[in-house]
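What follows is a short report on a single structure.
Just so it is clear, the model here is predicted, and its values are computed rather than measured. Order of appearance sets the numbers: ligands from 1, and atoms from 1 within every ligand. Hydrogens, waters and symmetry mates play no part in the numbers below; they use all other heavy atoms, side chains included.
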Amino acid sequence: MSCKFNLYLLIYLRTGAVMLHLVSRCSARLFWASPRWRRTYTQGASLRLKWLGCPHHRCSPLACREYSSASGSPEVMLTPERYPVQRLPFSTVSEEDVAAFECIIPGRVVTDPEQLEACNVDWLRSVRGSSKVLLRPQTSEEVSQILRHCCKRNLAVNPQGGNTGMVGGSVPVFDEVILSTALMNKVISFHDVSGILVCQAGCVLEELSRYVQERDFIMPLDLGAKGSCHMGGNVATNAGGLRFLRYGSLRGTVLGLEVVLADGTILNCLTSLRKDNTGYDLKQLFIGSEGTLGVITAVSILCPPRPKAVNVAFLGCPGFAEVLQTFSTCKGMLGEILSAFEFMDAECMHLVGQHLHLTNPVQESPFYVLVETSGSSAGHDAEKLTSVLEQVLNSGLVSDGTMATDQKKVQMLWALRERITEALSRDGYVFKYDISLPVERLYDLVVDLRTRLGPRAKHVVGYGHLGDGNLHLNVTAEAFSQELLGALEPYVYAWTAEQRGSVSAEHGLGFKKKNVLHYSKPPEAVRLMQQLKGLLDPKGILNPYKTLPVQA
Ligand SMILES: O=C(O)CC[C@@H](O)C(=O)O
Ligand SMILES: [Zn+2]
């Protein structure tokens, strides 16, 4: 028996705790909104709004994006066999080069083909290079010496972090030397008053998260790939992620960078100042440059204080219009404690169920939203979120919902959203689009594509960071198909440009999207980007074939 809408909530404040009384025509439950507080279930199995417990932070179950995630799947086609791309006239790595690298970083030059395989293929297993050498420096000085050598010898270099990128930017296209930041994984300093963290580029995001959380701060950035991705790679791609709505872009939270330029020059702009208005803000050039202008070797970043209370609600909505109205309601009623507003459609839920065996905690709905609050007062925040839920349930914007304050349950709810990428990659070949659009048009393209593609696609799904106007449009098929690619592109980009959207909201351009930059930037801007590339990397050795379109 289900009692969807005939539900109201009574909120009492008693002994400092918020007590929720949920009543429906056919059932009633009594819940306490903190783990310290008793939870009492009175009766009825059909009431859908549930408190699931309490405290702090989630930590993604989508731990590491390991190469093994796709083990057993067929070999990935070499990039130049799938895409029209010509090798540029760089030198090839000689035995003398390997010996020179061995002098710079003894014992950390990898030429074993088996070990190289994982670094040549992207996490999505969609592009594959054929590099013959992987370098694992530990210091900026070593990176500098390596780049000085490569520049002199005209060797192309592919800087690589955790290799979790979505656009083929993190692996070589041909035989570029892979320069890994994996061993540059030291925290340099942390200031426990300002919350400013300075670390080497190869620190893994999840480890940094743990480090600052122990000191009562959090990273301003959180991604599904946190278990593998490197801070330097995050900055190089200007990764957005799940905390963007609250803490904004890395363009605001990164305070300083150390970068090694193509010729080996070490550019030390690793300031830890909140304010520094002296000349051009050079670090911004490297944030989002995807390793094409320099290799980021260290990052100074501002960490916000750890919120004392985190609540998550997972809600089912009858339509996209209701999703939007729920967002407006949340913004209006939650104000500064709203920290995430994510959405996913019914097909996403179907896929996380089918491939990852995650259970839908609410009644089946065309759309689902995940609302997170982060604040300093558990009782106050829970009370606010409860009022929102009361409002959206009563007004029919939401047909069913569940709520969590307990860390484990919070994680379980986040997993439904965070692990969609993983579920999709188990569904077959994935065509990925990461688009910024006016929020009211966010889902129209998904609907449009389902009709356009028909049975050629296995699934067409839409999800993403609704609070940031960022749609993740993914299309799965049994295998890569030029025909399907032709039906998708340039259609998706032209559609996006018509709405004055962006063809890459947060994943960057990498290899796969470099030729569509003009859909989002005027020719003058593209030209200036090319001039900047020419100035900083005249030989074009840094991450070639990426980010910028091939020059006419
Ligand atoms: O796989 C995708 O398309 C999106 C990945 C990531 O940006 C996310 O928000 O989960
Ligand atoms: Zn995303």
Side-chain angles (χ1 to χ4, degrees), residues 58 60-65 69-70 122-127 162-170 205-206 220-229 233-234 237-250 288 290 339-345 347-349 351-352 355-356 358 368-370 372 411 413-437 439 442-443 445-446 449 457 459-477 488 492 496 501-510 512-513:
R58 75 207 146 79
S60 168
L62 174 55
C64 298
R65 292 198 167 167
S69 65
D122 69 329
W123 179 81
L124 292 166
R125 296 184 64 75
S126 60
V127 282
N163 193 9
T164 56
M166 297 277 158
V167 285
S170 59
L205 179 60
E206 194 166 50
L221 159 91
D222 186 24
L223 307 172
K226 67 184 86 151
S228 305
C229 63
N234 294 154
T237 46
N238 187 22
L242 306 162
R243 291 187 181 149
F244 192 100
L245 180 69
R246 175 66 168 275
Y247 301 110
S249 159
L250 287 172
E290 305 182 83
S339 53
F341 193 98
E342 299 284 319
F343 92 104
M344 58 197 267
D345 64 17
E347 289 208 35
C348 291
M349 182 61 85
L351 289 170
V352 294
H355 296 296
L356 308 173
L358 302 184
Y368 302 92
V369 303
L370 185 149
E372 186 190 71
Q411 273 181 35
L413 295 182
W414 263 111
L416 293 162
R417 161 64 187 88
E418 277 186 293
R419 299 186 70 189
I420 298 169
T421 298
E422 195 186 341
L424 283 161
S425 69
R426 292 180 192 213
D427 199 53
Y429 186 88
V430 191
F431 297 88
K432 267 186 193 299
Y433 301 94
D434 162 42
I435 299 166
S436 266
L437 286 169
V439 77
L442 206 70
Y443 201 69
L445 182 55
V446 182
L449 276 180
H459 290 285
V460 179
V461 308
Y463 64 106
H465 317 288
L466 187 123
D468 311 323
N470 182 181
L471 169 73
H472 291 314
L473 163 68
N474 281 237
V475 177
T476 64
L488 283 160
V492 167
T496 305
S502 170
V503 293
S504 176
E506 61 170 4
H507 294 166
L509 298 166
K512 289 187 194 165
K513 315 257 149 128

Task: salt_bridge(Arg243, Glu372) N-O dist < 4.0 Å - done: no
Contacting atoms of ligand 1, where contact means under 4.0 angstrom from a heavy atom of [X]:
X      : result
His465 : 9 (O)
Thr421 : 1 (O), 2 (C), 4 (C), 5 (C), 10 (O)
Asn474 : 3 (O)

TODO: State whether the side chain of Glu290 and the backbone N or O of Gly169 hold a donor-acceptor pair below 3.5 Å, judged by distance alone.
DONE: no
Open item on the list: Among Asp345, Leu471, Leu424, which residue satisfies the side chain to side chain contact (heavy atoms under 4.5 Å, CB included) criterion with Tyr463?
Closed with: Leu424
- [ ] Could you check Thr496, Leu488, Asn474 and say which one makes a side chain to side chain contact (heavy atoms under 4.5 Å, CB included) with Tyr433?
- [x] Leu488
TODO: Just to the nearest 10 degrees, tell me the angle at the Zn ion (ligand 2) spanned by His472 NE2 and Glu506 OE2.
DONE: 90°
Task: Metal site the Zn ion (ligand 2): N/O/S of His507 inside 2.8 Å - done: no
- [ ] Compute the minimum heavy-atom distance from Tyr433 to ligand 1 and say whether it is under 4.0 Å.
- [x] no
TODO: Check Glu506 against ligand 1 and report side chain, backbone, both or neither, counting heavy atoms closer than 4.0 Å.
DONE: side chain
TODO: For atom 9 (O) of ligand 1, state which one of Arg419, Arg417, Glu422, His507 supplies the nearest heavy atom.
DONE: Arg417
TODO: Identify, by name, the N, O or S atom of His465 lying closest to the Zn ion (ligand 2).
DONE: NE2
TODO: Determine whether the side chains of Asn163 and Asp122 contain a donor N or O and an acceptor N or O closer than 3.5 Å.
DONE: no
Open item on the list: Please verify the inter-ring angle class for His507 with His472; under 30° counts as parallel, over 60° as perpendicular, anything in between as tilted.
Closed with: parallel
- [ ] Output, in order, the C-alpha distance, side-chain angles, deciding distance and verdict of ring pair (Phe, Tyr, Trp, His ring centres under 6.0 Å) for Tyr429 and Phe431.
- [x] CA-CA 7 Å; Tyr429 186 88; Phe431 297 88; 4.9 Å; yes
